[in-house]
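Structure record follows, encoded as structure tokens.
The structure displayed is predicted, hence computed values, not measured ones. Along the sequence shown, residues carry numbers from 1. Keep in mind that the numbers below use all heavy atoms, side chains included, and drop hydrogens, waters and symmetry copies.
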Amino acid sequence: MTLIRSKRISFILYVAIVLLVMLIGFNVFFTIRIHNQLAGIVSQPGKWPPGSYIYDPVIGFDFAAYISEPIGDGSFYVKSHRFGYRIGENEDADAWAPGGVLSLGCSFTYGDEVESEQTFTQVLADSLSVPAYNYGVSSFSYVHALLKARNLEEQGVLDSLKPAYVVLGCWYGLPNRTISPNPPIASKNMPFVAAHLVKDESGLHIHPPSRTEHAFELINIYRTTGPGLSFRKFMKIFMIAPQYLNLILSGKQGKGRAGKPDPASMISDFEIYDYYFTGIEEIFSPYRARIIVLYMPNSPNEKPGPELLEAVSRHPGIIFVNGQDALTHYGVPASEFQAKHPQPAAHSAYARAMLKALGQEK
């Protein structure tokens with residue numbers, strides 16, 4: 001009996017050692033893979049200046065303050081204020097004044113492919129003779145914009161800026177992005193995740209993002225020390241490889257085909273817009289800011305959907321501006337917005353249409 005028990009214990013120990021060795025080998029394999037990925041990222045400069053995107057525990061990611069460099073191809077300049085909004089190359093990153101135009105949205109609002117002074121945020125602010133606070137962030141969704149506004153409120157930034165106008169940049173691709181945990185982020189090689197809108201028996205609520213601070217930390221280490229593999233880097237990656245692998249798998253699952261969703265959990269575009277507009281009104285009502293919803297089309301035949309229009313009608317305090325009408329009215333050619341980010345002429349038309357909606361067209 002003692003011999004049998006001894007053999008059983010030896011067998012269990014043997015299996016445990018084999019499994020441990022396999023796990024260590026598996027972890028070493030992925031450590032090397034992750035190292036190669038990180039080394040490639042820092043060896044090949046990306047579109048955005050290094051450090052532009054930072055970890056945010058509430059949103060998942062955000063744009064950093066005090067960034068000041070040309071975009072990768074040199075086509076426009078990237079600069080951010082200490083409060084986090086976009087400013088022009090020659091603007092002071094520490095100076096500010098209250099009572100301006102604050103915009104929220106994605107790259108369409110940020111002004112990807114155009115200079116800061118060409119964005120509708122800046123053109124509108126200049127026309128009104130007030131400051132501009134462009135909080136558009138590439139890859140943002142409506143949920144991210146709402147959470148960004150809440151962050152600014154909690155940090156006391158809104159109490160400093162006291163915006164007189166708030167512009168919500170909208171386009172047809174953002175509802176789907178709002179309910180996805182895997183947004184199209186600027187750093188394509190890194191499996192980042194973000195907060196997203198979900199629905200259950202209690203209604204709509206925001207699902208927090210997975211914790212990815214270690215991924216951002218690794219990138220910063222490689223940017224600081226270069227692409228070479230050191231013992232410190234190896235051990236750092238080795239310890240978090242399982243978490244990193246989970247991010248990769250969750251990203252692939254999010255982009256792959258999923259089973260049929262539960263009808264009770266499906267979120268309509270109307271619900272997304274109504275949730276967004278309600279949250280924005282609650283945040284900015286203390287400042288008595290005038291809220292504008294700007295719809296920006298991506299093709300000449302695109303129109304705002306009925307669910308967006310219905311949501312706007314439920315919020316009579318919001319001013320709706322149809323960017324398609326603005327483009328047509330001001331004679332903007334399709335080459336300025338079709339299948340691309342809005343170009344200068346499109347931004348100008350949007351700003352002029354908003355001025356008209358505010359009753360201040362010049």
Side-chain angles (χ1 to χ4, degrees), residues 44-54 56 59-81 84-91 101-126 132-145 148 167-178 180 182-190 192 194 294-299 302 323-324 326-327 332-351 354:
Q44 300 176 358
K47 174 180 177 179
W48 296 92
S52 295
Y53 281 84
I54 56 174
D56 184 278
I59 301 171
F61 65 95
D62 198 359
F63 207 80
Y66 289 124
I67 297 297
S68 183
E69 282 189 37
I71 199 71
D73 62 3
S75 59
F76 63 93
Y77 202 85
V78 177
K79 188 172 183 178
S80 53
H81 190 269
Y85 56 83
R86 185 183 184 184
I87 56 177
E89 180 179 359
N90 298 316
E91 290 187 66
V101 175
L102 185 149
S103 59
L104 294 164
C106 63
S107 55
F108 280 37
T109 299
Y110 177 86
D112 197 342
E113 300 180 24
V114 304
E115 297 290 355
S116 177
E117 60 269 19
Q118 296 173 316
T119 64
F120 65 74
T121 307
Q122 190 66 59
V123 175
L124 176 61
D126 289 344
Y133 324 123
N134 185 345
Y135 279 108
V137 177
S138 293
S139 297
F140 258 25
S141 71
Y142 295 135
V143 157
H144 305 156
K148 178 68 177 181
V167 181
L168 309 180
C170 302
W171 69 285
Y172 80 91
L174 293 188
N176 283 340
R177 189 182 294 181
T178 299
S180 171
N182 304 101
I185 197 166
S187 182
K188 303 290 184 182
N189 296 322
M190 299 300 289
F192 297 148
L294 170 64
Y295 182 79
M296 293 173 280
N298 208 216
S299 73
E302 183 187 320
Q324 187 69 266
L327 297 170
V332 178
S335 60
E336 289 286 308
F337 64 92
Q338 185 172 9
K340 63 171 65 173
H341 292 100
Q343 301 298 297
H347 279 276
S348 176
Y350 297 151
M354 286 188 283

| task | Report yes if some heavy atom in the side chain of S116 is under 4.5 Å from a heavy atom in the side chain of N134; otherwise report no. | result |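 No, too far: nothing below the 4.5 Å cut-off.
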| task | Determine whether E69 and S52 make a side-chain contact, defined as any pair of heavy atoms from C-beta on separated by less than 4.5 Å. | result | no
Once you round to the nearest 0.5 Å, how far does [atom1] of [X] lie from [atom2] of [Y]?
X: L168; Y: L174; atom1: CG; atom2: CG; value: 11.0 Å
X: S348; Y: L124; atom1: OG; atom2: CG; value: 11.0 Å
X: S103; Y: M354; atom1: OG; atom2: CE; value: 8.5 Å
X: Y142; Y: L104; atom1: OH; atom2: CG; value: 12.0 Å
X: E91; Y: S68; atom1: CD; atom2: OG; value: 11.0 Å
X: W171; Y: F337; atom1: CH2; atom2: CZ; value: 14.0 Å

Look only at the side chain of [X] and the backbone of [Y], and say whether a donor-acceptor pair between them is shorter than 3.5 Å.
X: N298; Y: K340; result: yes
X: E89; Y: Y77; result: no
X: R86; Y: T119; result: no
X: T178; Y: S141; result: no
X: S299; Y: Q338; result: no

[X] and [Y]: which non-hydrogen atoms are nearest, and at how many Å?
X: Y53; Y: S138; result: OH-O, 2.8 Å
X: T109; Y: G169; result: OG1-CA, 3.4 Å
X: A125; Y: A132; result: CB-CB, 3.6 Å
X: A145; Y: G105; result: CB-N, 4.3 Å
X: Y172; Y: Y295; result: CB-OH, 3.8 Å
X: K79; Y: G88; result: CD-O, 3.3 Å

| task | State, without any angle test, whether T121 and Y110 hold a side-chain donor-acceptor pair at a distance under 3.5 Å. | result | no
| said: side chain to side chain contact (heavy atoms under 4.5 Å, CB included) for F63 and K148? Distances and angles first, verdict last. | reply: CA-CA 10 Å; F63 207 80; K148 178 68 177 181; over 6 Å; no
| Parallel, tilted or perpendicular for H81 and Y85, by the 30°/60° rule? | parallel
| task | I would like to know whether V332 and Q343 meet side chain to side chain contact (heavy atoms under 4.5 Å, CB included); could you show each step before the answer? | result | CA-CA 10 Å; V332 178; Q343 301 298 297; over 6 Å; no
| query | Of all residues at least two apart in sequence or in a different chain, which pass the side chain to side chain contact (heavy atoms under 4.5 Å, CB included) check with D73? | reply | I71, S75
| field | ring-ring contact (aromatic ring centres under 6.0 Å, His included) assessment of F140 paired with F61 | value | CA-CA 9 Å; F140 258 25; F61 65 95; 5.7 Å; yes
| said: Please list all pairs meeting salt bridge (charged side-chain N to carboxylate O under 4.0 Å, His left out) that have one or both residues in residues 109-119, counting only residues at least two apart or in different chains. | reply: K47-D112
| task | Verify side chain to side chain contact (heavy atoms under 4.5 Å, CB included) between Q118 and F76, making sure each step is shown before the conclusion. | result | CA-CA 10 Å; Q118 296 173 316; F76 63 93; over 6 Å; no
| request: For V137 and H144, run side chain to side chain contact (heavy atoms under 4.5 Å, CB included): C-alpha distance rounded to whole Å, both residues' side-chain angles, the deciding distance at 0.1 Å, then the answer. | output: CA-CA 9 Å; V137 177; H144 305 156; over 6 Å; no
